[in-house]
Amino acid sequence: MLHEILLSLSGQPSPLFNIQSDEDAVADDAFPLLSPPEKALLTSLAHLSRLHAKLRAHTAFISVSHPSVVCRAVSTAISKYHLGNFQKKILEVEEAILTEDSGYVGGYGIVPLSTIVGEFSPWTRRLEWLWEVSRLISPEDPRIKTQGCTGAALIDFLRAESRTGYQDLEEMALHLTGVAEVAWMRQLSTWLLYGNLPVLGKDDFFIQEDARDGTISSTLRDFALDAKLQPKFVSPHTASSILFIGKTLNLIRAKRSTSTANASAGLSTLPVSLHGEHIASLASLKSPISTSKLSAAISSIRLSLSQSTLSKLLPLPKILEILSVLHDFMLLRRGEFASALVSYADARLYDRRRRPETLASRGKSPEGLELITIKEGDVVSALSQAWAELYSLQNEEDPVDDELDLAKDLFRLSVYDKRHNPISGTFPSDVDAVMSDVSFEDLLFPAPTLLSVQVRPPLDLFLSASDISIYSKVHSYLLGIRRAQLHLSDLWKHSFLRKSYPSPWGPPRSNSAFGQNKLRLGRERDGTRIRQMRPIWATSSASLFLMSELGSYFQGEVINGSWQHFQEWIQGTGQTGSRATSRPGTSSSSKSKHEDNPTAQTDDNSGEPSAQRYDPETLTIAHRRYLYSLVQALFLTDVPFTRSLRSLLANIDHFIALVIRLESIQRNMDLETDEGVVDALVDYAGEEREIWHALVSARGDLEHGIKDVISRLRDIDDNRAGEGQNMLDTAKTPQDSWPMFSKHGSNPNNGCQYIPRKAAGVDRLLMKLDFGHAGGNFEPAAAVTGTSLS
């Protein structure tokens with residue numbers, strides 16, 4: 001019977017155990033002379049035999065079919081190493097029995113069954129754990145439809161299992177962790193050394209080819225991070241650096257291939273000859289890989305690559321140029337761009353409204369407002385006309401505007417479609433976790449529109465698709481405020497509503513009795529309308545004051561102040577740790593400063609920091625911090641405020657449309673009364689009463705919206721004052737922060753020491769609003785307009 005036990009433990013089929021049953025028990029018809037206690041002892045051996053056989057078959061299936069190279073490597077290690085050790089143990093026991101070792105063979109050549117069971121009892125826990133690992137990699141039941149285990153999830157599981165209380169399981173987990181990390185590092189080295197995705201298992205690598213943007217040439221591909229495939233020991237900052245290094249190598253290879261056709265290209269296309277140093281940095285990592293050591297190795301590779309190639313590939317002036325263009329046009333520093341865009345968008349809407357197909361539907365709503373279908377051509381035409389107006393405003397002494405030329409080349413205004421959103425694809429951005437989901441894209445046109453930037457190489461190393469998405473959302477947000485301000489200001493251009501227009505009759509017609517009666521009726525009518533419009537103008541003035549002060553605070557205090565601070569930091573003229581001082585420093589102090597900021601580039605002759613002190617990846621992290629601070633300072637992370645502001649902007653549009661419609665109706669009524677021009681198909685008096693009812697309701701909604709926005713501003717001020725929040729505090733969301741503000745990304749040793757400027761508190765804005773009585777009490781609308789409704 002001993003040979004049957006050993007054969008069954010080796011995974012061979014044996015009549016001793018019923019292999020057709022899933023129960024770990026001895027077959028009833030096998031060896032009928034066995035006593036019940038002996039059968040009970042054989043139950044544990046039957047369990048081991050079944051586990052060994054299933055592990056052999058399951059790991060063999062995983063090693064040839066699993067899409068993850070890491071999972072295949074772990075499965076092969078289980079089969080070859082750990083199950084091999086179990087097989088060696090079986091051979092050792094068999095050899096000891098054959099040589100009649102006293103530890104196994106007793107008197108008269110009897111081998112106690114309990115001794116055999118006790119010798120293999122420690123392997124029960126080990127094989128059960130290995131079986132759990134193999135089932136994690138691939139479920140046993142093929143009918144279970146799952147996506148399977150990823151290499152990152154397996155590495156995280158094995159690293160967690162290495163902290164178990166059993167020493168043997170800890171050793172096995174550490175061994176499998178080392179195997180998994182070696183396979184993962186081979187994939188990583190292919191990306192870090194050559195910029196290529198791994199040939200085998202590239203779908204399991206945490207850097208994936210981004211096929212959403214079809215504008216990039218075939219020689220240059222775009223890549224993005226997939227957080228689901230990223231191991232936990234890789235910090236967000238390190239993952240960003242890894243992506244940056246590979247994209248840089250791809251860009252260098254693409255430029256080198258195109259340089260053969262264009263020998264006069266002004267780009268350094270010398271091959272990168274630092275593979276030896278990079279391989280040494282990666283070879284110094286030992287399993288289990290430390291997060292800090294991996295970050296240090298990646299930082300050294302990034303810095304060596306930046307110092308050798310990127311200083312010419314992506315110089316600092318080019319970065320400053322694109323940032324300046326984004327600040328001027330996306331963040332509306334050039335006010336004439338916003339004014340022109342709003343003006344021509346309104347002109348396109350007016351043209352659409354005057355077309356026969358829309359005129360036929362006039363009158364379906366009380367205000368005469370129709371749902372207009374916006375096409376891509378209308379949006380493109382509005383932007384083109386805005387560019388033409390900006391070119392016409394150029395100074396004759398300096399007709400060349402490079403930033404305007406660059407903006408016209410890169411900026412695109414298009415109808416926004418969530419189905420083709422470049423951010424909501426396979427690789428979601430953390431911006432969705434911190435920014436409000438309230439949309440401001442449908443304010444310029446009735447259909448959602450988005451102003452985007454075509455980021456071309458090598459600028460895609462600095463600006464990502466998520467950065468452009470944030471800029472687009474901030475632009476829509478600021479443009480909505482500026483548009484409401486412009487429209488409210490234009491209300492005062494309607495002379496017919498503000499005063500007696502046109503002027504009343506003069507002599508000789510006013511000298512007759514008919515003329516005197518006509519003038520008296522006109523004065524009564526004008527007086528009544530002026531009294532009716534007085535609360536309307538008061539509400540318009542309060543709305544305009546709120547929009548003006550809010551826009552001035554955002555544009556002046558928040559955006560311009562933060563941009564100047566960020567620009568000074570980039571150029572090295574601001575208050576940074578590396579700013580030149582009049583006091584001479586010692587060699588030790590210079591050395592310590594250089595160690596504190598490893599990304600700073602110094603002048604070899606003077607030993608002082610040069611103007612271009614930071615590599616592009618460090619500037620990318622600093623730019624994202626700057627951008628995130630803008631998002632918070634603009635209250636875009638506060639959902640109640642953005643919801644209140646969005647409602648107020650919609651109420652302003654509705655209120656203005658009603659006022660303009662009222663002007664049109666009153667003009668027609670005056671034509672009927674004064675000139676006798678009668679339209680029998682339209683009841684202007686009835687329409688005026690309906691418009692006044694709607695206008696009273698719209699005025700109440702607008703006043704309520706103003707108070708709601710100011711109340712939310714007070715809440716923001718109270719919360720920040722009470723909780724001590726600053727501009728680097730993140731929103732309270734499931735993802736508490738963006739990668740650049742994680743515990744690894746914010747560490748100065750990781751290469752970025754930029755701290756965004758904190759804008760002035762909301763109390764300054766509230767003081768101005770209180771002084772202007774924007775949130776004060778309004779007169780009851782119904783009491784003033786009651787004469788028109790009688």
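These numbers come from the heavy atoms of this one structure, side chains and all, not from hydrogens, waters or symmetry mates.
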Enter the distance from [X]:[atom1] to [Y]:[atom2] here, rounded to the nearest 0.5 Å.
X      : Y      : atom1 : atom2 : answer
Leu636 : Phe554 : CG    : CZ    : 7.5 Å
Phe545 : Ser548 : CZ    : OG    : 8.0 Å
Ile660 : His487 : CD1   : NE2   : 8.0 Å

Set out, in order, the CA-CA distance, both residues' side-chain angles and the distance that settles side-chain contact (heavy atoms from CB on, under 4.5 Å) for Asn651 and His704, then state yes or no. CA-CA 10 Å; Asn651 290 334; His704 177 74; over 6 Å; no
Looking at side-chain heavy atoms only, is the closest gap between [X] and [Y] below 4.5 Å?
X      : Y      : value
Glu403 : Arg334 : yes
Leu648 : Leu702 : yes
Ile716 : Phe641 : yes

Please enumerate all residues that pass side chain to side chain donor-acceptor pair (under 3.5 Å) together with Glu336, with sequence neighbours excluded. none
Check [Y] with [X], please: is the shortest side-chain N to carboxylate O separation under 4.0 Å?
X      : Y      : result
Arg757 : Glu557 : yes
Arg714 : Asp770 : yes
Arg643 : Asp708 : no
Asp490 : Lys493 : yes
Asp715 : Arg712 : yes
Glu663 : Arg667 : yes

Asp378 and Tyr344: CA distance, side-chain angles, deciding distance, side chain to side chain donor-acceptor pair (under 3.5 Å) verdict: CA-CA 10 Å; Asp378 299 325; Tyr344 287 108; over 6 Å; no
Heavy-atom donor-acceptor pair, [X] side chain to [Y] backbone, under 3.5 Å:
X      : Y      : result
Ser472 : Leu451 : yes
Ser469 : Ala465 : no
Ser392 : Glu389 : yes
Ser629 : Tyr626 : yes
Ser711 : Lys707 : no
Ser343 : Ser339 : no

If you look only at distance, which donor and acceptor atoms sit under 3.5 Å apart when one is on a side chain in residues 437-448 and the other is two or more places apart or in another chain?
| residue | atom | partner | partner atom | Å |
| --- | --- | --- | --- | --- |
| Ser439 | OG | Glu441 | N | 3.4 |
| Ser439 | OG | Glu441 | OE1 | 2.4 |
| Asp442 | OD1 | Arg646 | NH2 | 2.8 |
| Asp442 | OD2 | Arg646 | NH2 | 3.1 |

Under 3.5 Å side-chain donor-acceptor pair for Ser452 and Arg412: no
Is a donor from one side chain sitting under 3.5 angstrom from an acceptor on the other, for His654 and Asp701? no
In terms of relative ring orientation, are Trp387 and Phe411 parallel, tilted or perpendicular, with 30° and 60° separating the classes?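 Ring orientation, 0 to 90° scale: perpendicular.
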Audit row: Ser543, Ile706, side-chain contact (heavy atoms from CB on, under 4.5 Å) steps and yes/no: CA-CA 7 Å; Ser543 304; Ile706 293 173; 3.3 Å; yes
Starting from the C-alpha separation in whole Å, work towards a yes-or-no answer on side-chain contact (heavy atoms from CB on, under 4.5 Å) for Arg534 and Ile530. CA-CA 6 Å; Arg534 189 171 297 153; Ile530 289 175; 4.0 Å; yes
Could you give me the CA-CA distance, side-chain angles and deciding distance for Ile470 and Arg624, then say whether side-chain contact (heavy atoms from CB on, under 4.5 Å) is met? CA-CA 10 Å; Ile470 299 172; Arg624 289 176 181 171; over 6 Å; no
